[in-house]
Peer 1: 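My structure is below; once you've seen it, I'll send some questions.
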2 protein chains.
Amino acid sequence: MTRTIVESKSKTAIIGFDQPFCVIGERINPTGRKKLAAELEAGDFSTVQADALAQVAAGATMLDINAGVVYNSNPNPNETEPPLMREVIKLVQSLVDVPLCIDSSVPAALEAGLEVCEGRPLLNSVTGEEERLEAILPLVKKYNVPVVAISNDDSGISEDPEVRFQVAKKIVERAADYGIPAHDIVVDPLVMPIGAMATAGLQVFELVRRLRNELGVNTTCGASNISFGLPNRHAINAAFLPMAIASGMTSAIMNPTREAEMMAVRAANLLTNNDPNGAAWIQANKPPLAEGEVEAGARGRRAGRRRRRG
Amino acid sequence: MTRTIVESKSKTAIIGFDQPFCVIGERINPTGRKKLAAELEAGDFSTVQADALAQVAAGATMLDINAGVVYNSNPNPNETEPPLMREVIKLVQSLVDVPLCIDSSVPAALEAGLEVCEGRPLLNSVTGEEERLEAILPLVKKYNVPVVAISNDDSGISEDPEVRFQVAKKIVERAADYGIPAHDIVVDPLVMPIGAMATAGLQVFELVRRLRNELGVNTTCGASNISFGLPNRHAINAAFLPMAIASGMTSAIMNPTREAEMMAVRAANLLTNNDPNGAAWIQANKPPLAEGEVEAGARGRRAGRRRRRG
């Protein structure tokens with residue numbers, strides 16, 4: 001049974017076929033969040049702090065940390081991103097105890113993150129690009145960490161799922177040359193927007209099944225990409241996640257503060273027998289508290305609202 | 001590509017791997033509905049009428065018709081159910097134009113339904129029980145209709161999915177002896193409550209995949225059974241349906257007036273490329289009308305409410 005072990009200083013999370021779905025909180029990422037980017041350049045970490053706490057409270061298994069700000073004062077991310085990555089990771093691990101996922105397109109920022117990150121973080125990411133393979137796999141080996149492998153290569157992102165499968169296979173094989181086992185590779189088969197490619201869902205479901213059965217690897221994806229540009233995105237995401245899980249997907253980089261998606265993930269855990277005795281489901285769906293009762297926590301509050309709707 | 005054709009007088013519905021999921025409305029069924037049972041015995045068809053209209057308005061592809069009332073005045077369903085089935089079918093097909101699914105455990109009621117039903121209804125059901133096979137398959141042949149095959153036999157409902165697969169296989173083979181093709185068999189692999197059997201979901205997903213790949217048949221189920229006894233049942237059902245669809249399930253007997261489940265089915269259609277250009281998704285998720293605008297229909301109203309919540 002494939003198991004990818006990730007750790008913080010005090011907590012272990014296992015990504016695996018026989019485990020609850022691993023929810024990697026996506027919020028700490030300035031890409032497309034201008035306000036957060038400006039804050040970070042100004043040395044203001046209040047949003048990072050709030051996002052870290054909120055995502056863990058909402059049930060994130062891990063948090064993704066991306067410090068990819070292009071500074072107005074210095075457009076060279078090789079200079080600015082490594083120290084920012086260090087600072088954000090130190091802050092987040094002082095606030096929450098979940099394992100982290102160090103996310104950057106800048107190899108020096110990944111290494112900076114690895115230097116300060118406690119435990120065994122997930123590295124995000126290597127691709128099938130030659131330069132990237134040669135830069136990242138030695139880091140993966142040196143720090144003995146698992147890595148996200150995105151299935152694009154020097155020719156870009158193929159619309160042909162067979163090509164994406166072969167890129168993933170190449171990365172797994174190249175990693176093996178470095179002595180990195182398949183269970184430390186978490187493949188992202190790349191999720192296209194269904195609005196742009198009608199077969200995007202079917203492609204992912206089929207790829208996840210093959211990656212699991214033929215390569216024995218865990219899988220992840222940027223889940224919300226599937227619904228880009230369409231109305232009622234949360235309802236699409238909330239159907240996509242259970243479908244991907246039924247096909248064998250074991251983690252996703254997603255927003256854990258979205259109720260629809262998280263409830264769908266919890267239900268999928270129950271339905272794949274990865275919620276022993278339904279304990280997590282029942283906990284997340286407790287009846288609402290009566291007026292005047294002391295509020296137990298954010299999770300109880302949300303579940304209560306949902307039940308009254310039902 | 002397996003296609004099961006069902007028809008009303010004026011409408012054709014296709015159950016198939018490359019078709020939108022077939023939603024068979026379950027509401028016209030007095031089982032567990034005491035008030036409806038009492039109404040039917042008293043000759044009051046107002047609830048049937050309302051349920052027929054509401055289910056079709058909510059998007060049902062077909063309607064299941066079950067007239068299984070045990071009369072207080074006459075406890076013999078062989079006498080009471082056939083005329084009631086006739087009456088209910090005549091009424092429903094005077095109100096709505098979707099194809100029907102004639103549902104009874106009483107063979108005489110099935111035949112009564114077949115006599116009055118226009119078009120090509122789905123017959124519900126045959127099982128692997130010897131007596132049932134011998135009573136129902138000749139009817140299926142005589143009326144040239146498709147049939148639901150429930151995978152239990154004279155030994156009852158097995159908890160072993162392999163046994164349930166073998167029962168389905170036996171029914172398909174026995175039907176072939178009568179000249180009934182596999183594409184006219186819609187197998188119900190039987191959905192157990194996940195609260196009673198933790199592997200119930202995994203069993204169904206695996207069975208549906210095998211039934212599709214090895215027997216080439218369409219599949220159905222009583223979807224809400226999966227969540228029996230658990231809190232927030234609609235959220236479980238709304239995750240179960242997309243997971244079953246991702247595994248290859250092509251229809252379900254369910255309540256189409258439940259928004260969570262229907263939205264999940266619509267999203268799953270989109271994600272399996274069975275919603276050309278996302279037209280049905282976009283239609284079901286139109287922005288809410290402004291105050292004073294004329295309401296277009298029930299579907300727009302529901303979608304509007306959901307969007308405001310999102």
Side-chain angles (χ1 to χ4, degrees), chain A residues 194-195 197-206 208-209 226-227 229-249 258-260 262-278 281-287 303 305-307 309-310, chain B residues 194-195 197-206 208-209 226-227 229-249 258-260 262-278 281-287 303 305-307 309-310:
Chain A
I194 193 103
M197 186 194 284
T199 56
L202 291 175
Q203 282 195 3
V204 172
F205 307 145
E206 176 63 17
V208 165
R209 208 169 280 139
I226 193 77
S227 59
L230 288 169
N232 202 357
R233 291 189 65 175
H234 298 301
I236 299 175
N237 300 344
F240 173 72
L241 285 161
M243 294 175 93
I245 293 171
S247 306
M249 191 168 275
R258 290 295 185 176
E259 182 195 345
M262 281 301 275
M263 203 55 91
V265 165
R266 288 192 199 100
N269 285 337
L270 180 69
L271 291 164
T272 51
N273 195 17
N274 287 322
D275 177 4
N277 301 314
W281 181 259
I282 291 164
Q283 172 66 30
N285 290 284
K286 278 187 179 164
R305 243 193 281 131
R306 166 165 281 256
R307 292 209 72 200
R309 273 206 313 261
Chain B
I194 193 103
M197 186 195 283
T199 56
L202 291 175
Q203 282 195 3
V204 172
F205 307 145
E206 175 63 19
V208 165
R209 207 168 281 138
I226 194 75
S227 60
L230 288 168
N232 201 357
R233 290 188 64 175
H234 298 301
I236 299 175
N237 300 345
F240 173 72
L241 285 161
M243 294 174 92
I245 293 170
S247 305
M249 191 168 274
R258 290 294 185 177
E259 182 196 345
M262 281 302 274
M263 203 53 93
V265 166
R266 287 192 200 100
N269 285 337
L270 180 69
L271 292 164
T272 50
N273 195 18
N274 287 322
D275 178 4
N277 302 313
W281 181 258
I282 290 164
Q283 173 65 31
N285 289 283
K286 279 189 177 161
R305 245 194 277 129
R306 165 164 281 255
R307 292 210 70 200
R309 273 211 310 265

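Keep in mind that the numbers below use all heavy atoms, side chains included, and drop hydrogens, waters and symmetry copies. In what follows, chains are A, B, ... by sequence order, proteins preceding strands, each numbered from 1. On a predicted model such as this, the values are computed, not experimentally measured, just so you know.
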Peer 1: Could you tell me which portion of A:Phe240 (side chain, backbone, both or neither) has an atom closer than 4.5 angstrom to a non-hydrogen atom of chain B?
Peer 2: both

Peer 1: Work out which heavy atom in A:Ala198 is nearest to a heavy atom in B:Asn273; give both atom names and the distance.
Peer 2: CB-OD1, 3.2 Å

Peer 1: Compare every heavy atom of B:Ala246 with every heavy atom of A:Ser247, then report the nearest pair and how far apart it is.
Peer 2: OG-CB, 4.4 Å

Peer 1: Shortest non-hydrogen contact from A:Met263 to B:Ala235?
Peer 2: CG-CB, 4.0 Å

Peer 1: Tell me, for B:Leu202 versus chain A, whether the close heavy atoms (under 4.5 Å) come from the side chain, the backbone, both or neither.
Peer 2: both

Peer 1: At a heavy-atom separation under 4.5 Å, does A:Leu270 approach chain B through its side chain, its backbone, both, or neither?
Peer 2: both

Peer 1: What are the two closest non-hydrogen atoms of A:Pro231 and B:Asn285, and how far apart are they?
Peer 2: CB-O, 3.8 Å

Peer 1: About how many Å separate NZ of B:Lys286 and CG of A:Asn232, when rounded to the nearest 0.5 Å?
Peer 2: 14.5 Å

Peer 1: I'd like to check the side-chain contact (heavy atoms from CB on, under 4.5 Å) partners of B:Ser227; sequence neighbours left out, ordered by chain and number.
Peer 2: B:Arg233, B:Ile236, B:Asn237

Peer 1: So which residue, B:Ile245, B:Thr272, B:Val265, ends up with the most heavy-atom pairs under 4.5 Å with chain A?
Peer 2: B:Thr272

Peer 1: Can you name the nearest heavy-atom pair linking A:Ala239 to B:Pro242, along with the distance?
Peer 2: O-CB, 3.8 Å

Peer 1: Between B:Val204, B:Ile226, B:Thr199, which is the residue that forms a side chain to side chain contact (heavy atoms under 4.5 Å, CB included) with A:Leu271?
Peer 2: B:Ile226

